[in-house]
Amino acid sequence: VHDVFNVFMCTGYTHDTKQYFMKASPVRPGDFLEMFAEIDLLGSLSTCPGGDCSAEHSSDTSKCYPLRVEIYKPADASLEGWTSPSPSGYSGSHGL
């Protein structure tokens, strides 16, 4: 697994208290993400098993909401002239 891409939960870390926090999600019905994969990929989707953590964390009474995934294959002509970006020059030394 490369990394987590957290888009529907508002979380963070406070430097002064050294604690993680969760806030109400700003997402509303009808909001969506649209992404373009430059390579074949394996993705998975998960909702927080605790429900809406802004109201109460990990409770059986918290509301959970459905998510929908749609995968499209672009028409061949729509990618005409498109080229993949150059590889990142990242050295891999993050955190060292």
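Please read these numbers as outputs of a predicted model, since none were measured by experiment. Computation of the quantities below employed the complete heavy-atom set of this structure, encompassing side-chain atoms and omitting hydrogens, waters and symmetry-equivalent molecules.
Every side chain to side chain contact (heavy atoms under 4.5 Å, CB included) that E70 has, sequence neighbours left out, goes to R68, Y72. Taking S86 as the reference, nothing meets the side chain to side chain contact (heavy atoms under 4.5 Å, CB included) condition, with sequence neighbours excluded.
The NZ atom of K18 lies 7.5 Å from the CG atom of D16; values are rounded to the nearest 0.5 Å.
Counting heavy atoms of neighbouring residues, nucleotides and ligands inside a 6.0 Å radius, atom CZ of F21 exceeds 12 of them. Environment of CD in E38: crowded, with over 12 heavy atoms of neighbouring residues, nucleotides or ligands closer than 6.0 Å.
Y20 belongs to a hydrophobic cluster whose remaining members, ordered by chain and number, are Y13; membership requires side-chain heavy atoms of ILVMFWY residues under 4.5 Å apart, directly or through intermediates.
Side chain of S88 to backbone of Y90: a donor-acceptor contact under 3.5 angstrom is found.
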